[in-house]
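This report refers to the structure that appears directly beneath it.
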Amino acid sequence: MVLLDLETQLVFYRSYHHNPLNVLVHLIFVPVLTFTTLILATSTGNFLELPYIPLNGAAIIVSTYMFLYYLMEPIASALMTPLILLTTWYINKLSVEHGSQALWIAGIVNIGSWIAQFLGHGIFEKRAPAMKDNFVQAFFLAPFFVWFELLFSLGYRPELHQRIEEKAVAKIAKYNAEKKGAKGK
């Protein structure tokens, strides 16, 4: 299944995030966007009361993403799990302690994070975001892409990093050639 093919997914995302400044924008704002989206998702209320685990929209999103991430790359996912568990606990704590104020602030910061990413694409990448071509794929993959950028910078799976980089550069060259050809017509 292509959705769970890690290399294919990272090549797709990397081909839209190749400019170092745009990548930096995403390294900052994808985690912020993820965090604020999860705060907003706590507003669903709890679907089921379990001790110490509020089963709300945020928990469902996190569980779904992590399940799929584990299917794609178990080691990177295992390294990510403590951070995700801590984040999930903290967003629920914020939601309980600050209620609608947390939701309002999360909403404003969420919108600002989207704007920053769109500006990053327009200014630095000179290309529409990946979500233009595949919204679900881009939305699902963004946090994992950021995590892999961090892992790759620490030397994780250098052979995979090299293959992704080479394939992304080829996809970008193809895109630029098609774009140039379209302008010439």
Side-chain angles (χ1 to χ4, degrees), residues 2-41 43 57-58 61-62 64-66 68-69 72-73 76 80 83-84 87 91 102-154 156-158 160-185:
V2 175
L3 175 66
L4 299 177
D5 183 317
L6 178 70
E7 191 167 328
T8 299
Q9 295 299 326
L10 292 178
V11 167
F12 166 80
Y13 206 81
R14 181 70 171 150
S15 67
Y16 288 85
H17 303 87
H18 202 259
N19 178 283
L21 293 174
N22 189 39
V23 171
L24 179 61
V25 167
H26 283 69
L27 289 174
I28 295 166
F29 289 103
V30 166
V32 172
L33 185 60
T34 302
F35 187 84
T36 57
T37 298
L38 292 175
I39 290 174
L40 294 169
S43 68
I61 291 169
V62 166
T64 302
Y65 273 47
M66 289 308 297
L68 294 172
Y69 289 168
M72 290 173 68
E73 169 55 76
M80 187 183 208
L83 178 63
I84 295 302
T87 299
I91 59 109
L103 295 175
W104 274 102
I105 293 170
I108 291 166
V109 173
N110 189 285
I111 291 167
S113 296
W114 279 112
I115 291 168
Q117 289 183 87
F118 286 132
L119 288 173
H121 278 280
I123 295 168
F124 304 122
E125 207 73 51
K126 307 257 189 274
R127 182 175 187 183
M131 67 183 348
K132 179 183 171 273
D133 291 330
N134 191 327
F135 181 79
V136 173
Q137 187 178 24
F139 201 73
F140 161 70
L141 197 60
F144 215 33
F145 173 79
V146 166
W147 184 246
F148 266 92
E149 285 294 305
L150 175 65
L151 291 177
F152 287 152
S153 75
L154 297 172
Y156 183 75
R157 295 191 60 187
L160 174 64
H161 187 211
Q162 181 67 33
R163 284 194 314 271
I164 289 167
E165 189 64 26
E166 289 169 1
K167 290 178 181 179
V169 166
K171 282 184 78 123
I172 293 166
K174 181 180 176 191
Y175 167 80
N176 287 336
E178 289 171 358
K179 186 175 155 184
K180 188 176 182 179
K183 283 184 179 179
K185 291 182 180 180

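- Contact check for R14 versus K167: no side-chain heavy atoms found under the 4.5 Å cut-off.
- In this structure, CG on L21 lies 4.5 Å from CZ on F124, to the nearest 0.5 angstrom.
- Across all non-hydrogen atoms, the minimal contact from I91 to A58 is CD1-CB, 3.6 Å.
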ask   = Does the pair F152 and L160 meet the rule for a side chain to side chain contact (heavy atoms under 4.5 Å, CB included), with working shown?
value = CA-CA 9 Å; F152 287 152; L160 174 64; 4.1 Å; yes
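- The aromatic ring centres of F145 and F140 sit 6.0 Å or more apart.
- Residue pairs that meet the side-chain hydrogen bond (donor to acceptor under 3.5 Å, both in side chains) test with at least one member in residues 110-119, sequence neighbours left out, are H26-Q117, T36-N110, T37-N110, N110-W114.
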inquiry  = Set out, in order, the CA-CA distance, both residues' side-chain angles and the distance that settles side chain to side chain contact (heavy atoms under 4.5 Å, CB included) for F144 and L6, then state yes or no.
reply    = CA-CA 10 Å; F144 215 33; L6 178 70; 3.9 Å; yes
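- Pairing each heavy atom of V32 with each of I28, the nearest pair is CG2-O, 3.3 Å.
- By the 4.5 Å heavy-atom criterion applied to side chains, R163 and V11 are not counted as neighbours.
- Annotation for T34 and P143: closest pair OG1-CG, 3.6 Å, computed over non-hydrogen atoms.
- Y13 has its side chain out of reach of E149: every pair of non-hydrogen atoms, C-beta onward, lies at least 4.5 Å apart.
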request  = Show your working on side chain to side chain contact (heavy atoms under 4.5 Å, CB included) between Y16 and E125 and close with a plain yes or no.
outcome  = CA-CA 7 Å; Y16 288 85; E125 207 73 51; 5.8 Å; no
request  = Please assess R157 against E73 for the test side chain to side chain contact (heavy atoms under 4.5 Å, CB included), listing each intermediate value before the final yes or no.
outcome  = CA-CA 11 Å; R157 295 191 60 187; E73 169 55 76; 2.4 Å; yes
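- The shortest side-chain heavy-atom distance between I84 and Y65 does not fall under the 4.5 Å cut-off.
- The two residues N22 and G120 have their closest heavy-atom pair at OD1-C, 3.1 Å.
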